[in-house]
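Keep in mind the model is a prediction, meaning the values are calculated, not measured. Just the heavy atoms: all of them, side chains too, but no hydrogens, waters or symmetry mates, feed the values below.
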Amino acid sequence: YGEWEEDPGYYGRPWAVLTLDGEYVYVNAGQKLHRVEMETGKDEVIADLAEYWEDGITLGKLVLSASGERIFVGRTRSIDPDDLDDRPQHDWVTVDLNTGATDIPPAASGALMGCAYDENGIIVQRGNVIWGTRENADGSRTFYNAGGTMELYLVDEDGGNERRIGENIY
């Protein structure tokens with residue numbers, strides 16, 4: 001996947017996550033979730049994610065569940081440049097790694113940050129940074145967060161049973 005370009009990926013590269021035992025790496029590329037066997041390089045498409053993509057939506061970060069039976073694929077609807085009050089909307093697609101079944105949990109809300117393996121949940125960030133600027137007396141500009149506070153929450157795999165962790169100091 002070194003040649004593959006993905007918009008939301010890290011420096012244009014597709015998102016990937018290694019299983020805890022190191023046997024497989026899962027790769028989100030071309031609106032498909034691939035499972036690659038580390039020892040042989042065998043590549044298998046686990047799920048087609050095209051139905052969850054459209055213009056203005058990115059499929060990005062991968063988070064492996066504590067059980068290793070599911071992967072969560074972060075989804076972001078981009079900002080409408082003509083609407084200054086518009087903000088990105090985040091949710092996720094759940095992929096069952098045994099069957100390839102996919103869905104968006106009804107309570108899914110927030111940007112995926114990681115898995116809380118010891119608590120069998122996922123960590124999501126809610127809230128947005130809105131960059132504001134103000135001009136200083138010397139003509140320079142200062143950037144500041146004109147938006148709300150970004151906070152981290154522990155939620156179950158369906159996005160429910162939330163528990164606030166605290167502020168995310170970005």
Side-chain angles (χ1 to χ4, degrees), residues 1-78 88-128 150-170:
Y1 297 97
E3 304 285 323
W4 200 284
E5 290 288 324
E6 288 286 322
D7 235 5
Y10 185 71
Y11 290 102
R13 298 295 177 236
W15 281 98
V17 65
L18 185 66
T19 57
L20 294 175
D21 60 11
E23 284 187 48
Y24 299 98
V25 64
Y26 289 94
V27 181
N28 175 11
Q31 301 164 21
K32 291 180 175 30
L33 182 66
H34 299 257
R35 176 171 38 215
V36 180
E37 193 174 321
M38 291 300 293
E39 193 159 318
T40 67
K42 178 185 170 196
D43 185 335
E44 174 186 10
V45 173
I46 298 298
D48 186 342
L49 303 172
E51 71 179 278
Y52 302 104
W53 179 89
E54 60 189 56
D55 278 345
I57 289 183
T58 58
L59 297 169
K61 187 172 190 170
L62 299 177
V63 173
L64 185 65
S65 70
S67 68
E69 295 178 359
R70 285 170 295 288
I71 277 192
F72 310 104
V73 182
R75 253 179 30 134
T76 303
R77 182 187 56 79
S78 61
Q89 302 296 314
H90 303 279
D91 61 14
W92 60 87
V93 178
T94 300
V95 180
D96 183 306
L97 296 176
N98 296 314
T99 67
T102 60
D103 75 328
I104 296 176
S109 172
L112 289 174
M113 300 301 283
C115 180
Y117 292 99
D118 58 340
E119 298 196 40
N120 200 27
I122 53 180
I123 299 168
V124 297
Q125 174 183 280
R126 295 186 180 145
N128 292 297
M150 293 191 306
E151 297 180 315
L152 297 175
Y153 291 86
L154 175 66
V155 298
D156 64 22
E157 294 181 355
D158 291 326
N161 297 319
E162 72 178 39
R163 187 177 86 216
R164 184 179 181 273
I165 296 171
E167 270 188 54
N168 185 10
I169 309 299
Y170 190 76

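Partners of S65 by side-chain hydrogen bond (donor to acceptor under 3.5 Å, both in side chains), not counting sequence neighbours, listed by chain and number: S67. Residues passing the side-chain hydrogen bond (donor to acceptor under 3.5 Å, both in side chains) test with S109: none are found, sequence neighbours excluded. Taking E151 as the reference, R164 meet the salt bridge (Lys or Arg N to Asp or Glu O under 4.0 Å) condition, with sequence neighbours excluded. In this structure I104 satisfies the side chain to side chain contact (heavy atoms under 4.5 Å, CB included) test together with Y52, R75, D91, V93, A108, sequence neighbours excluded. Every residue two or more places apart in sequence or in another chain that forms a salt bridge (Lys or Arg N to Asp or Glu O under 4.0 Å) with E44 is listed here: R35. Residues passing the side-chain hydrogen bond (donor to acceptor under 3.5 Å, both in side chains) test with R126 are E162, sequence neighbours excluded. Residues passing the side-chain hydrogen bond (donor to acceptor under 3.5 Å, both in side chains) test with D156 are N161, sequence neighbours excluded.
Residue K32 holds its NZ atom at 11.5 Å from CG of L59, rounded to the nearest 0.5 Å. Residue D48 holds its CG atom at 7.5 Å from CD of Q31, rounded to the nearest 0.5 Å. For the atom pair T58 OG1 and W15 CH2, the distance stands at 10.5 Å (nearest 0.5 Å). Here CE of M150 is found 5.0 Å from CG of N168. Values are rounded to the nearest 0.5 Å. To the nearest 0.5 angstrom, I46 atom CD1 is 10.0 Å from H34 atom NE2. Distance check: Q125 CD to E167 CD gives 11.0 Å after rounding to the nearest 0.5 Å.
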> Does the side-chain contact (heavy atoms from CB on, under 4.5 Å) test come out yes or no for I122 and F72, once each step is laid out?
Replying inline: CA-CA 9 Å; I122 53 180; F72 310 104; 3.5 Å; yes

> side-chain contact (heavy atoms from CB on, under 4.5 Å) between T102 and V73: does it pass, once the steps are laid out?
Replying inline: CA-CA 10 Å; T102 60; V73 182; over 6 Å; no

>> Evaluate M38 against L18 for side-chain contact (heavy atoms from CB on, under 4.5 Å), listing each step before the verdict.
In response: CA-CA 9 Å; M38 291 300 293; L18 185 66; 4.0 Å; yes

> Would L33 and Y26 satisfy side-chain contact (heavy atoms from CB on, under 4.5 Å), going step by step from the backbone distance to the final call?
Replying inline: CA-CA 7 Å; L33 182 66; Y26 289 94; 4.2 Å; yes

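Pairing each heavy atom of L112 with each of K61, the nearest pair is O-CD, 3.4 Å. In terms of heavy-atom proximity, G100 sits nearest to A47 at O-CB, 3.8 Å. Scanning both residues, C115 and G121, for their nearest heavy atoms gives SG-O, 3.5 Å. Of all non-hydrogen atoms in Y117 and L20, the two that sit nearest each other are CE2-CD1, 4.1 Å.
Within the 3.5 Å criterion, the main-chain N or O of G60 finds a donor-acceptor partner in the side chain of N28. With hydrogens and angles ignored, the 3.5 Å screen pairs a side-chain donor or acceptor of T19 with a backbone N or O of Y24. Checking side-chain atoms of K42 against main-chain N and O of V36 turns up no donor-acceptor pair under 3.5 Å.
Applying the salt bridge (Lys or Arg N to Asp or Glu O under 4.0 Å) rule to pairs touching residues 15-31 yields nothing, sequence neighbours excluded. Sorted by first and then second residue, the salt bridge (Lys or Arg N to Asp or Glu O under 4.0 Å) pairs with a member in residues 115-125 read E119-R163; sequence neighbours excluded.
Partner V124 forms a side chain to side chain contact (heavy atoms under 4.5 Å, CB included) with one of V155, I165, V63, L152 and no other, that one being V155. The one candidate from V27, V25, I71 that meets the side chain to side chain contact (heavy atoms under 4.5 Å, CB included) condition with L62 is I71.
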